[in-house]
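Here is the structure we will look at.
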Number of protein chains: 2
Amino acid sequence: MLRCMSLRIALLGLLTVSGPSSGYDLAKKFETSVAHVWQAGHSQIYPELAKMTADGLVAVGAEGARGRKIYSVTPDGEAELRRWLLDHSPSTTTRSETALQAFLVPLLEPGEAVAVLRRMKTSAQAHLAELEELRAMREAIADLAGRWGRFGAYALDLGIRQTRGVVEWADDSIADIERRSGTA
Amino acid sequence: MLRCMSLRIALLGLLTVSGPSSGYDLAKKFETSVAHVWQAGHSQIYPELAKMTADGLVAVGAEGARGRKIYSVTPDGEAELRRWLLDHSPSTTTRSETALQAFLVPLLEPGEAVAVLRRMKTSAQAHLAELEELRAMREAIADLAGRWGRFGAYALDLGIRQTRGVVEWADDSIADIERRSGTA
DNA sequence: GATTGACATGTCACTTCTTACATGTCACTT
DNA sequence: AAGTGACATGTAAGAAGTGACATGTCAATC
């Protein structure tokens, strides 16, 4: 019954920091920023912007070259975003394939389980490197990119900590399995 | 084009450790175990079990009292589960309302941002207490519940670490915002 | 002048997920 | 005998999300 707001909130936030932008621009910026915390493709973004326009949260200003529609956040949209951030307790329902593999891994033989955990560690390390590079780039251009301020910075920090946590967890779990299977 | 397997994998895993069970039993056990990593209700579980039966991954043995259908994992089902664990690299697409709030929080005034982060910390602490109690209970009955072995234990450990990470992150972020707004 | 490729916006079919509704069984109480 | 409540299995409508397809613009190259 209650509409899931996350996508529209993400778009409102992105549009707020970007200033007036086309759907195309938003979709591009989306995949290198907000997509790290809320995945969505252009086939979801375009219809959502249309609905948000109908609901008065954003408005189309000028229509630029090549049929670009330039969206801006309306006062209603700003209020909606603020309300969601201030009043909405985020739902905790999880759906993570990584966590599911972690859950099920004891069903395998110790050797196989260790192999799976090693793969998980490797991909977490790769992800970590990506995020750390992103943060390094952000810090390097911090003075130039004042426009964005700390937008996304705390989430990036959280992502880095969580991913480091996965690497450490994988190490400890591998050690645990080897200890248990060695003594068994 | 490629089917999302997570729900059927979760059910195969649960059915493997539970032994032959009814859909009802599976749904009950699901919500206190696998649901922590992959949320699903009975209205998704019953149809999925039917599809899995059609695909030969599980089979209905006896039909017990009150129309209970007792499912078991078939050799094909076991193979499917093993294959997914061994060969499938989990997709990394995230969709977390908490992380989205973390992302957008710099759009608020410092005071408001701190309030939001405090709320996030509180709910993370509550979640942490829940998970730690779950682990304490598991350890207490470890000898009796040999049936389940380490099933779910590594995921629980990961969840506890991640949730502790959120608490620490919230503390550090609050301190960061207060420092920045104090000197500004 | 034709082709290529980035720009730009959308739709469509399909799967997945959520909430609420619907139906019936059986044990135990009153 | 009737009622309550846990047991047990489903369906249905609609929202959300995915991947592929469709269409057209414009600038630069060949």
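Within every chain, numbering begins at 1; the chains are lettered A, B, ... in the order of the sequence lines, protein sequences first and strands thereafter.
Contact annotation: side chain of B:S43 to base of C:dT19, donor-acceptor pair present below 3.5 Å.
Neither OP1 nor OP2 of D:dT25 sits under 4.0 Å from any side-chain N or O of A:R68. Residue B:R95 places at least one side-chain N or O closer than 4.0 Å to OP1 or OP2 of D:dG17. Proximity of B:K69 to the phosphate of D:dG10: a side-chain N or O atom is located under 4.0 Å from OP1 or OP2. For D:dG14, the OP1/OP2 oxygens have no side-chain nitrogen or oxygen of A:R3 closer than 4.0 Å. At C:dT18, one or more side-chain N or O atoms of B:Q44 fall inside 4.0 Å of OP1 or OP2 (strictly under the cut-off).
For the pair B:E31 CD and C:dC17 P, the computed distance is 17 Å after rounding to whole Å. The interatomic distance linking A:L49 (CG) with C:dT11 (P) rounds to 12 Å, in whole Å. The distance from atom CD of B:Q39 to atom C1' of D:dA16 is 16 Å, rounded to the nearest whole Å. Atom pair A:H42:NE2 and C:dC12:P shows a separation of 14 Å (rounding to whole Å applied). We find that OH of A:Y24 is positioned 10 Å from C1' of C:dG5, with the value rounded to whole Å. When the P atom of C:dA20 is taken as reference, atom OH of B:Y46 falls 18 Å away, rounded to whole Å. Nucleotide C:dC17 holds its P atom 7 Å from the CG atom of B:L7, rounded to whole Å. Atom NZ of A:K28 and atom C1' of C:dC7 are 9 Å apart (whole Å).
Side-chain polar atoms of A:D25 and A:S22 form a donor-acceptor pair below 3.5 angstrom. B:R119 and B:Q101 are linked by a side-chain donor-acceptor pair at a separation below 3.5 angstrom, with hydrogens and angles left out of the test. With no hydrogens or angles considered, a side-chain donor-acceptor pair links B:H88 and A:E97 at under 3.5 Å.
DNA chain D is contacted by both B:T93 and B:D25; B:D25 maps to the nucleotide lying nearer its 5′ end (nearest heavy atom per residue).
Searching all strands for a Watson-Crick or G-U wobble partner of C:dC28 with both distances below 3.5 Å returns D:dG3. Summarising the base pairing, C:dT4 is matched to D:dA27 through a Watson-Crick or G-U wobble pair whose two defining distances lie under 3.5 Å.
Residues that satisfy the side chain to side chain contact (heavy atoms under 4.5 Å, CB included) test with A:A102, not counting sequence neighbours, are A:M120, A:W169, B:A155, B:L158.
Taking the six-membered ring wherever Trp is involved, the centroid distance between the rings of B:Y24 and B:Y46 does not fall below 6.0 Å.
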